[in-house]
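Encoded as structure tokens, the structure appears first; notes follow it.
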Amino acid sequence: MLRHFAIWLGDTGFSEWIRFTPGAIQWLQTIHILGLAALIGAAFLLDMRLVGAVRTPDTAAHLRRRFLPSHWAGFAVLLVSGLLLIAGEPGELLFNTTFRWKIAGIVAALVLTLGVRAALSEDAPLSALSKNRRAVLAALGAGSLALWVAIGLAGRFIAYIG
Amino acid sequence: MYETILETLQNLPISTAIAEAAWYFPWLEAVHVIAAALVVGVIAWLDLRLIWAASRERAVSVLSAEVLPFVWGAFAVAFITGGLLFLSAATRYGTNFPFLLKMGLLVLAGANMAAFHALTAKRAHEWDEGRPPAWEARLAGGLSLIFWVGVVYCGRWIGFS
């Protein structure tokens with residue numbers, strides 16, 4: 001089923017256009033990395049606060065409004081450029097084990113990010129939250145950052161591990 | 001002279017170890033990409049504030065203090081891993097146009113940052129908070145964004161050249 005889809009997609013004019021246009025894959029990969037930069041930059045600055053490595057007087061709700069929009073914008077860029085890269089090279093990516101791990105990691109990281117979003121609902125500084133809430137936020141923040149870094153690493157290893 | 005230096009660097013024990021081992025290069029490359037993404041993703045917060053496109057409620061001085069330590073930390077990791085990658089094939093990278101362009105853009109990004117801190121930031125009290133930065137500051141922010149996007153593009157271009 002997936003193999004038929006990959007063959008069909010690879011034979012479309014759109015896929016060939018991406019694959020054979022000089023510089024297209026290169027530009028898509030650049031945009032993909034810039035999306036990762038936007039996402040991981042916002043995730044890093046937020047998660048440093050959630051794990052307590054950076055003290056902040058900002059309220060939980062303010063942290064959510066300040067950092068998560070850039071996080072989602074970066075993810076949108078990653079998603080669109082990633083889908084175009086898959087369209088350009090479906091055979092190379094869809095059957096690559098590292099790519100499949102990367103997709104599984106993205107799903108897990110999105111779940112954790114939604115958890116962070118839900119946990120940053122209160123209009124009170126992080127220091128005023130209950131000890132349990134702070135522990136949950138720290139675990140979600142550390143887990144989400146670790147996963148996004150692992151996803152970035154996996155992205156490079158696609159070229160080395162089939 | 002230049003080629004002799006490149007050959008000497010490429011023949012160092014650490015260079016041949018990276019070139020010959022199966023997993024040193026991929027790991028160094030993967031960590032390099034993550035560190036570079038972190039540099040760009042974090043410094044963009046300051047650049048976007050300087051061009052008055054984001055974080056308007058936060059003083060430039062406060063935002064600088066928040067982000068620059070992380071930018072320097074990530075840059076140190078990118079610099080070390082990038083240096084080790086270069087050593088593994090110095091004769092190839094040292095004459096590779098996208099690599100040389102990337103180095104040029106890095107120098108320009110550094111010079112832009114140094115000029116901002118040495119000249120423009122001295123009058124920052126006039127526009128630090130609640131108003132658009134002076135045109136010199138906005139120019140520095142815009143140039144920084146352009147240089148860093150160029151660095152990322154050249155990084156990918158190296159892989160295709």
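Below, read A as the first sequence line, B as the second, and so on, with proteins coming before strands; counting in each chain starts at 1. Computation of the quantities below employed the complete heavy-atom set of this structure, encompassing side-chain atoms and omitting hydrogens, waters and symmetry-equivalent molecules.
Among residues 109-135 of chain B, no residue has any heavy atom closer than 4.5 Å to a heavy atom of chain A. Annotation: residues 1-9 of chain B contacts chain A through no residue [non-hydrogen atoms, separation under 4.5 Å].
Around atom CZ of B:F79, no more than 12 heavy atoms belonging to other residues, nucleotides or ligands sit under 6.0 Å away. A 6.0 Å sphere centred on CD1 of A:I7 holds more than 12 heavy atoms belonging to other residues, nucleotides or ligands.
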Discussion item. With side chain to side chain contact (heavy atoms under 4.5 Å, CB included) as the criterion, how do A:F44 and B:V67 come out once you've worked through the C-alpha distance, each side chain's angles and the decisive distance to 0.1 Å?
Written reply: CA-CA 10 Å; A:F44 183 81; B:V67 304; over 6 Å; no

What donor-acceptor contacts under 3.5 Å connect chain B and chain A, backbone and side chains included?
{"residue": "B:E29", "atom": "OE1", "partner": "A:R156", "partner atom": "NH1", "Å": "3.4"}
{"residue": "B:E29", "atom": "OE1", "partner": "A:Y160", "partner atom": "OH", "Å": "2.5"}
{"residue": "B:E29", "atom": "OE2", "partner": "A:R156", "partner atom": "NH1", "Å": "3.0"}
{"residue": "B:R58", "atom": "NH2", "partner": "A:D58", "partner atom": "OD1", "Å": "3.4"}
{"residue": "B:R58", "atom": "NH2", "partner": "A:D58", "partner atom": "OD2", "Å": "3.0"}
{"residue": "B:E66", "atom": "OE1", "partner": "A:R66", "partner atom": "NH2", "Å": "2.8"}
{"residue": "B:E66", "atom": "OE2", "partner": "A:R49", "partner atom": "NH2", "Å": "3.4"}
{"residue": "B:Y153", "atom": "OH", "partner": "A:Q26", "partner atom": "NE2", "Å": "2.9"}
{"residue": "B:R156", "atom": "NH1", "partner": "A:Q29", "partner atom": "OE1", "Å": "2.5"}

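Placement of B:L48 and B:L68 in two distinct hydrophobic clusters is found when ILVMFWY residues are connected by side-chain heavy-atom separations under 4.5 Å, directly or transitively. Linking ILVMFWY residues whenever their side-chain heavy atoms come closer than 4.5 Å, directly or via other members, leaves A:I33 and B:L145 in distinct clusters. The hydrophobic clustering, which links ILVMFWY residues whose side-chain heavy atoms are closer than 4.5 Å, places B:V62 and B:V71 apart. Residues B:L100 and B:V107 are members of separate hydrophobic clusters, defined by side-chain heavy-atom contacts under 4.5 angstrom among Ile, Leu, Val, Met, Phe, Trp and Tyr. Put simply, A:V77 and A:L93 are part of two different groups of oily side chains (I, L, V, M, F, W, Y) that touch within less than 4.5 Å, one to the next.
Interface remark: A:A42 contributes backbone and side-chain atoms alike to the contact with chain B (heavy atom separation under 4.5 Å). Both the backbone and the side chain of A:I40 come within less than 4.5 Å of a heavy atom in chain B. Of the atoms belonging to A:I161, it is side-chain heavy atoms, and not backbone ones, that fall under 4.5 Å from chain B. For A:V149, the parts lying near chain B are the backbone and the side chain together; criterion is any non-hydrogen pair under 4.5 Å. Contact annotation for B:V33: only side-chain heavy atoms (C-beta onward) come within less than 4.5 Å of a heavy atom of chain A.
Chain B forms more heavy-atom pairs under 4.5 Å with one residue of A:V54, A:L36, A:L45 than with any other, namely A:L45.
Under the side-chain contact (heavy atoms from CB on, under 4.5 Å) criterion, B:A74 pairs with B:L38, B:V39, sequence neighbours left out.
Of all heavy-atom pairs spanning A:L153 and B:V31, the tightest one is CD2-N, 3.9 Å. Taking each heavy atom of A:A37 and B:A37 in turn, the nearest pair found is CB-O, 3.3 Å.
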